[in-house]
Amino acid sequence: MAEPGNFTIHSTDGLARRGTLSTAHGEIQTPIFMPVGTQGTVKAVAPDDLENIGAQIILGNTYHLYLRPGDDLVARRGGLHKFSQWNKPILTDSGGFQVFSLSSIRTISEKGVEFRSYLDGSKHFFSPEKVVSIQQNLGSDIMMVLDECVGFGADRDYTAQSLERTTRWAQRCRDAHEPGQNGQIMFGIIQGGFHEDLREKSLAQLSEIPFEGFAIGGLSVGESTEEMYKILNHIAPLMPKEKPRYLMGVGTPLDILEGIGAGVDMFDCVLPTRNARNGTLFTSQGKVNIKRAEFKEDDGPLDPACNCYTCRTFSRAYLRHLYVSGEILSYRLNSLHNLAFFLELARQAREAIVQGRFDKLKAHYQNIYGPGSRA
RNA sequence: GGUGGGGUUCCCGAGUGGCCAAAGGGAACAGACUGUAAAUCUGUCGGCGAACGCCUUCGGAGGUUCAAAUCCUCCCCCCACCA
């Protein structure tokens, strides 16, 4: 098997790439969507379900797992793979997003970030080194550097200073973990807000550090789709071509296709799982809000074009009943389907790139999920 | 048969003279959700109207009052206990 971090591009279609990334727990076919499993579980979905729908890699979160059950405890159980019984690749986020999402209960300094636990209010300190150590304990295949995810409202001066600090933190993370050490690879994270020149600066600085891959952070933090696409399309093509590119926290089906079209290889987003729990399902015909009265006696499948267990087995009327009744099975079946849809979208993208018709695929989905559509 | 309690907008339930088309919850109907403090949150929820507003509604019928879901009279129904 190829060395963890090895990335091979098999074919391209415009800027879009079809590749394979090697990790200690197997290969990842890109472009790929990665289900989010913050607390060591993709909410409502068991590992065998994930395998069945073709998930290749899932996420875990440094901050959450450090607070509970504790990374030491996980290490004593043989690492996150063994603990959670997911034996394929795992990417752990660094807690950088929590710098943004928990901004009301943290303070940032050059040394790192002091957080108050959302569980009990206790104080905790995350330095770049600490975050690496936690991820080493968790044993993830892909570690992310500690970064500051700057919100959409941040001004240019702050964003510029923050980006420099994120670079220094990135270097410290790299220094704390040799390339390929224990089979764990590490990605740097580009920040720079919504200024193209700052994004370029962040990229230039991070490119000097020998990371196995690079991520675009700080998007989908409150900006418009137009603003997000502008930055995405500007920076993604400038990123090192021979390394995997990861767009963090994005996004909708169209966002993902936009990203792939810009040359991004990896995506993660809570949207399919969270929306599933909240009754919004993604289908080949657009979004379906399963709680709507119109599905009360709809005996058809959720998505006739989908081959997942949910769509093969149950009617819209039943899925609506489960959701409206607050039944646990609703969360599982809905999550399973939405994830299957996102994974299938990525699979179709891989296929289309090889066949040189990625633009057609993208146009197809724009037609379904675009502004003029009902979804 | 007696005594006490009670009948409120789809449901439960607050309201005991004006600030009441009537708290709160539920249901219903719709919307949001982008590196998960989210099985969460938001809006609408008597009718007409863009709106000032007008109309209908608090078991029924009458009455008192400038004004009644709220006070009085009679009637109907429910619950508890007593006979």
Return the minimal non-hydrogen interatomic distance between [X] and [Y], and the atom names on each side.
{"X": "A/Gly96", "Y": "A/Cys149", "answer": "O-CB, 3.7 Å"}
{"X": "A/Tyr323", "Y": "A/Ser330", "answer": "CA-OG, 3.3 Å"}
{"X": "A/Met228", "Y": "A/Asp255", "answer": "CE-CG, 3.5 Å"}
{"X": "A/Ile189", "Y": "A/Val145", "answer": "CD1-O, 3.4 Å"}

Given the rule in the side-chain hydrogen bond (donor to acceptor under 3.5 Å, both in side chains) test, do A/Glu114 and A/His124 qualify, once you have shown the distances and angles that lead to the verdict? CA-CA 6 Å; A/Glu114 182 182 87; A/His124 300 271; over 6 Å; no
Suppose the criterion is salt bridge (Lys or Arg N to Asp or Glu O under 4.0 Å): which pairs have a residue in residues 222-251 of chain A, not counting sequence neighbours? A/Glu196-A/Lys230
Return the nucleotide paired to [N]: Watson-Crick means purine N1 to pyrimidine N3 with N6-O4 or O6-N4, wobble means G-U with N1-O2 and O6-N3, both under 3.5 Å.
{"N": "B/U56", "result": "none"}
{"N": "B/A80", "result": "B/U3"}
{"N": "B/G24", "result": "B/C12"}
{"N": "B/A68", "result": "none"}
{"N": "B/G35", "result": "none"}
{"N": "B/A30", "result": "B/U42"}

Please name all residues satisfying ring pair (Phe, Tyr, Trp, His ring centres under 6.0 Å) with A/Phe100, sequence neighbours left out, ordered by chain then number. A/Phe97
Can you list, in residue-number order, the parts of [range] that come under 4.0 Å of RNA chain B, counting heavy atoms only?
{"range": "residues 142-150 of chain A", "result": "A/Asp147, A/Cys149"}
{"range": "residues 188-226 of chain A", "result": "A/Ile189, A/Gln191, A/Gly218, A/Ser220"}
{"range": "residues 154-170 of chain A", "result": "none"}
{"range": "residues 234-261 of chain A", "result": "A/Met248, A/Gly249, A/Val250, A/Gly251, A/Thr252, A/Asp255"}
{"range": "residues 337-350 of chain A", "result": "none"}

Taking atom [atom1] in both [N] and [M], compute the distance separating them and give it to the nearest angstrom.
{"N": "B/G26", "M": "B/G13", "atom1": "C1'", "result": "10 Å"}
{"N": "B/U34", "M": "B/A50", "atom1": "P", "result": "35 Å"}
{"N": "B/C79", "M": "B/C20", "atom1": "C1'", "result": "28 Å"}
{"N": "B/U73", "M": "B/A80", "atom1": "P", "result": "26 Å"}
{"N": "B/G17", "M": "B/A27", "atom1": "P", "result": "34 Å"}
{"N": "B/U56", "M": "B/G5", "atom1": "C1'", "result": "31 Å"}
{"N": "B/G63", "M": "B/G49", "atom1": "P", "result": "34 Å"}
{"N": "B/G60", "M": "B/C12", "atom1": "C1'", "result": "24 Å"}

How does each nucleotide of nucleotides 38-46 of chain B score, in 5' to 3' order, for protein heavy atoms under 4.0 Å: base (B), sugar-phosphate only (S), or none (-)? BBB------
Does [X] make a side-chain N or O approach to OP1 or OP2 of [N] shorter than 4.0 Å?
{"X": "A/Asn289", "N": "B/A30", "value": "no"}
{"X": "A/Asn61", "N": "B/U36", "value": "yes"}
{"X": "A/Gln98", "N": "B/G35", "value": "no"}
{"X": "A/Ser117", "N": "B/A37", "value": "no"}

Side chain to side chain contact (heavy atoms under 4.5 Å, CB included) between A/Gln171 and A/Thr166: does it pass, once the steps are laid out? CA-CA 9 Å; A/Gln171 182 66 59; A/Thr166 286; over 6 Å; no
Categorize [X] for me: base, sugar-phosphate, or nothing, with a 4.0 angstrom heavy-atom threshold over every strand shown.
{"X": "A/Val42", "value": "nothing"}
{"X": "A/Ser330", "value": "nothing"}
{"X": "A/Arg106", "value": "nothing"}

With sequence neighbours left out, what residues match A/Asp359 under side-chain hydrogen bond (donor to acceptor under 3.5 Å, both in side chains)? none
Does the base of B/U36 carry an N or O that pairs as donor and acceptor with the side chain of A/Thr273 under 3.5 Å? yes
Considering only heavy side-chain atoms of A/Leu102, the closest of B/A37, B/G35, B/C33 is B/A37
Considering only side-chain heavy atoms of A/Asn275, which listed nucleotide, B/G31, B/A30, B/C33, is closest? B/C33
Without decimals, in angstroms, what is the distance between [X] [atom1] and [N] [atom2]?
{"X": "A/Leu65", "N": "B/U36", "atom1": "CG", "atom2": "P", "value": "11 Å"}
{"X": "A/His321", "N": "B/A27", "atom1": "NE2", "atom2": "C1'", "value": "15 Å"}
{"X": "A/Ile105", "N": "B/A37", "atom1": "CD1", "atom2": "C1'", "value": "7 Å"}
{"X": "A/Leu67", "N": "B/A37", "atom1": "CG", "atom2": "C1'", "value": "10 Å"}

Not counting sequence neighbours, list each pair that qualifies as a side-chain hydrogen bond (donor to acceptor under 3.5 Å, both in side chains) and has a residue in residues 38-49 of chain A. A/Asp49-A/Arg332
Residue pairs fulfilling side-chain hydrogen bond (donor to acceptor under 3.5 Å, both in side chains) with at least one residue in residues 336-346 of chain A, sequence neighbours excluded: A/Glu344-A/Arg347, A/Glu344-A/Gln348
Please determine whether residues A/Leu238 and A/Val250 belong to a single hydrophobic cluster, defined as Ile, Leu, Val, Met, Phe, Trp and Tyr linked transitively by side-chain heavy-atom distances below 4.5 Å. yes
With sequence neighbours left out, what residues match A/Ala204 under side-chain contact (heavy atoms from CB on, under 4.5 Å)? none
For the residue pair A/Phe267 and A/Tyr246, is the inter-centroid distance of their aromatic rings smaller than 6.0 Å? no
Chi angles and distances behind the side-chain hydrogen bond (donor to acceptor under 3.5 Å, both in side chains) call for A/Thr280, A/Asn278: CA-CA 6 Å; A/Thr280 300; A/Asn278 294 334; over 6 Å; no
